[in-house]
Novice: 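I am attaching a structure below and will ask some questions about it afterwards.
These numbers come from a predicted model, not from an experiment. Numbering of ligands and ligand atoms starts at 1, following listing order.
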Amino acid sequence: MSTKTAFITGTTSGFGLAIANRLASLGCNLIITGRRRERLETEAADIRSHYGVEVLPLCFDVRDREVCRQTVESLPERWKQIDLLINNAGLAAGATPVQDGDIDDWERMIDTNVKGLLYISRFVIPLMVKRKSGHVINISSIAGVEVYPSGNVYCATKHAVNAITKGMRIDLLKENIKVSSISPGAAETEFSLVRYHGDQEKADAVYKGIVPLNAEDIADAVEFIVTRPPHVNINDILLTPVRQANTYVYHREG
Ligand code: NDP
Ligand code: 8X3
């Protein structure tokens with residue numbers, strides 16, 4: 001792959017971290033982002049020394065519209081030549097029947113997974129349109145395809161990501177910008193620990209008796225998508241652990 005610049009949201013753990021390393025291994029220069037500054041800076045130093053690519057760490061919250069605008073607008077000119085935007089930052093907060101739902105949790109999910117993705121896209125995509133070149137990859141979920149018990153609002157945010165992805169593909173068709181998504185099933189990252197507000201036991205139970213996906217599996221999907229020839233667009237890759245049939249049917253061992 002020729003040298004490209006990738007802007008990846010949510011690289012301080014999980015999928016984002018693996019995707020950043022994978023793209024660096026392919027020779028991409030990286031803009032990496034997240035709220036945890038220390039992790040971001042360590043990661044930037046590690047990637048530079050491992051792969052010899054340029055890395056720009058930017059610490060901010062995707063829920064803050066003005067910060068997103070200023071962050072992208074104030075990028076040095078050469079960092080504005082963004083070839084790849086990976087909208088990955090996101091979370092689930094809680095898993096509760098809708099009648100008992102925590103409205104703060106709902107707002108965190110909607111503000112991050114839907115509005116944050118839109119803010120970053122709104123400020124980065126025009127830079128691609130200007131150059132008539134680019135590729136957007138949205139990290140969706142199997143939860144964007146099917147809804148599971150107590151998944152209500154998280155699933156709604158990922159259904160929204162899928163609608164936004166389809167809308168982007170239509171709107172950006174004439175601009176020579178590819179739009180793809182990845183829809184993983186259960187993957188072991190910090191996701192469940194965040195979802196269950198730090199309860200490790202509940203987080204571990206999600207992966208009990210199955211071999212879950214891991215972040216490298218999602219990096220594999222990204223690598224496949226970005227190494228297709230110019231005339232090919234991968235619309236979506238949906239991947240699950242072998243023991244997961246859909247969002248709520250698992251075959252657990254033991
Ligand atoms: P992690 O919790 O490991 O990583 C989430 C990343 O998102 C972190 O880097 C976090 O950084 C960042 N993030 C969260 N909120 C914000 C915010 N407000 N502003 C900026 N960055 C933020 O989870 P995963 O890697 O598993 O999740 C990545 C994506 O994959 C999410 O969109 C998730 O919904 C999706 N997904 C996950 C699956 C799974 O089973 N793990 C399956 C399908 C999809 P920081 O906290 O430093 O801000
Ligand atoms: C995360 C996968 O099925 O736990 O998006 O919601 S699931």
Novice: Just which atoms of ligand 1 are under 4.0 Å from any heavy atom in Ala187?
Specialist: 39 (C), 40 (O), 41 (N)
Novice: Atom 33 (C) of ligand 1: which protein heavy atom is closest, and how many Å away?
Specialist: Tyr154 OH, 3.7 Å
Novice: Evaluate the criterion side chain to side chain contact (heavy atoms under 4.5 Å, CB included) for residue pair Tyr51 and Cys28; output intermediate values, then yes/no.
Specialist: CA-CA 9 Å; Tyr51 305 105; Cys28 291; over 6 Å; no
Novice: Against ligand 1, does Thr112 come closer than 4.0 Å with any heavy atom?
Specialist: yes
Novice: Any ion pair linking Glu175 and Arg131 (charged N to carboxylate O, less than 4.0 Å)?
Specialist: no
Novice: Can you name the atoms of ligand 1, numbered from 1 with element, that are less than 4.0 Å from a heavy atom of Ser140?
Specialist: 43 (C), 44 (C)
Novice: With atom 29 (C) of ligand 1 as the reference point, say which of Leu58, Asn88, Thr12 has the nearest heavy atom.
Specialist: Asn88
Novice: Quick check on contacts: which atoms of ligand 1 are under 4.0 angstrom from a heavy atom of Pro184?
Specialist: 42 (C), 43 (C), 44 (C)
Novice: Identify, by atom number and element, the atoms of ligand 2 in contact range of Ala143, meaning under 4.0 Å from any of its heavy atoms.
Specialist: 6 (O)
Novice: Side chain or backbone, does Gln244 bring an N or O within less than 3.5 Å of an N or O on ligand 2?
Specialist: no
Novice: Where does Thr11 meet ligand 1, judged by heavy-atom distances below 4.0 Å: at the side chain, the backbone, both, or neither?
Specialist: backbone
Novice: Only one of Asn87, Asn138, Asp236 passes side chain to side chain donor-acceptor pair (under 3.5 Å) with Thr165; say which it is.
Specialist: Asn138
Novice: Between Glu54 and Lys4, does any NZ, NE, NH1 or NH2 come within less than 4.0 Å of an OD or OE carboxylate oxygen?
Specialist: no
Novice: Of all the atoms in ligand 1, which lie at a distance below 4.0 Å from a heavy atom belonging to Gly14?
Specialist: 3 (O), 25 (O)
Novice: Provide, to 0.1 Å, the distance between atom 46 (O) of ligand 1 and the closest protein heavy atom, together with that atom's residue and name.
Specialist: Arg35 NH2, 3.0 Å
Novice: Just to verify, which of Thr157, Asn162, Asn113 counts as forming a side chain to side chain donor-acceptor pair (under 3.5 Å) with Ser140?
Specialist: Asn162
Novice: If you measure every N or O of Tyr148 against every N or O of ligand 2, does any of those distances drop under 3.5 Å?
Specialist: yes
Novice: Which one holds for Val206 and ligand 2: side chain close, backbone close, both close, or neither close, with close meaning a heavy atom under 4.0 Å?
Specialist: neither
Novice: Near Arg63, which atoms of ligand 1 are under 4.0 Å from a heavy atom of that residue?
Specialist: 18 (N)
Novice: Report, in ascending order of atom number, the atoms of ligand 2 lying under 4.0 Å from any heavy atom of Ile142.
Specialist: 3 (O)
Novice: Tell me yes or no: between the side chains of Gln244 and Tyr250, is some donor less than 3.5 Å from an acceptor?
Specialist: yes
Novice: Arg108 near ligand 1, heavy-atom distance under 4.0 Å?
Specialist: no
Novice: Do me a favour and list the nearest non-hydrogen protein atom to atom 3 (O) of ligand 1 with residue, atom name and distance?
Specialist: Ser13 OG, 2.8 Å
Novice: Around atom 36 (N) of ligand 1, find the nearest protein heavy atom and jot down its residue, atom name and distance.
Specialist: Phe15 CE1, 3.5 Å
Novice: Check whether any N or O atom of Thr247, backbone or side chain, sits under 3.5 Å from an N or O atom of ligand 2, and answer yes or no.
Specialist: no
Novice: Under a 4.0 angstrom heavy-atom cut-off, which atoms of ligand 2 come close to Ser141?
Specialist: 1 (C), 2 (C), 5 (O)
Novice: With atoms numbered from 1 as shown, which atoms in ligand 1 lie under 4.0 angstrom from a non-hydrogen atom of Ile139?
Specialist: 29 (C), 30 (O), 35 (C)
Novice: With atoms numbered from 1 as shown, which atoms in ligand 1 lie under 4.0 angstrom from a non-hydrogen atom of Phe60?
Specialist: 19 (N), 20 (C)
Novice: Side chain, backbone, both or neither: which part of Arg39 comes within less than 4.0 Å of ligand 1 when only heavy atoms are counted?
Specialist: neither
Novice: Just go through Thr189, Leu239, Asn214 and tell me whose heavy atom is the nearest to atom 26 (O) of ligand 1.
Specialist: Thr189
Novice: Only heavy atoms of Gly185, strictly under 4.0 Å: list the atoms of ligand 1 that pass.
Specialist: 40 (O), 42 (C)
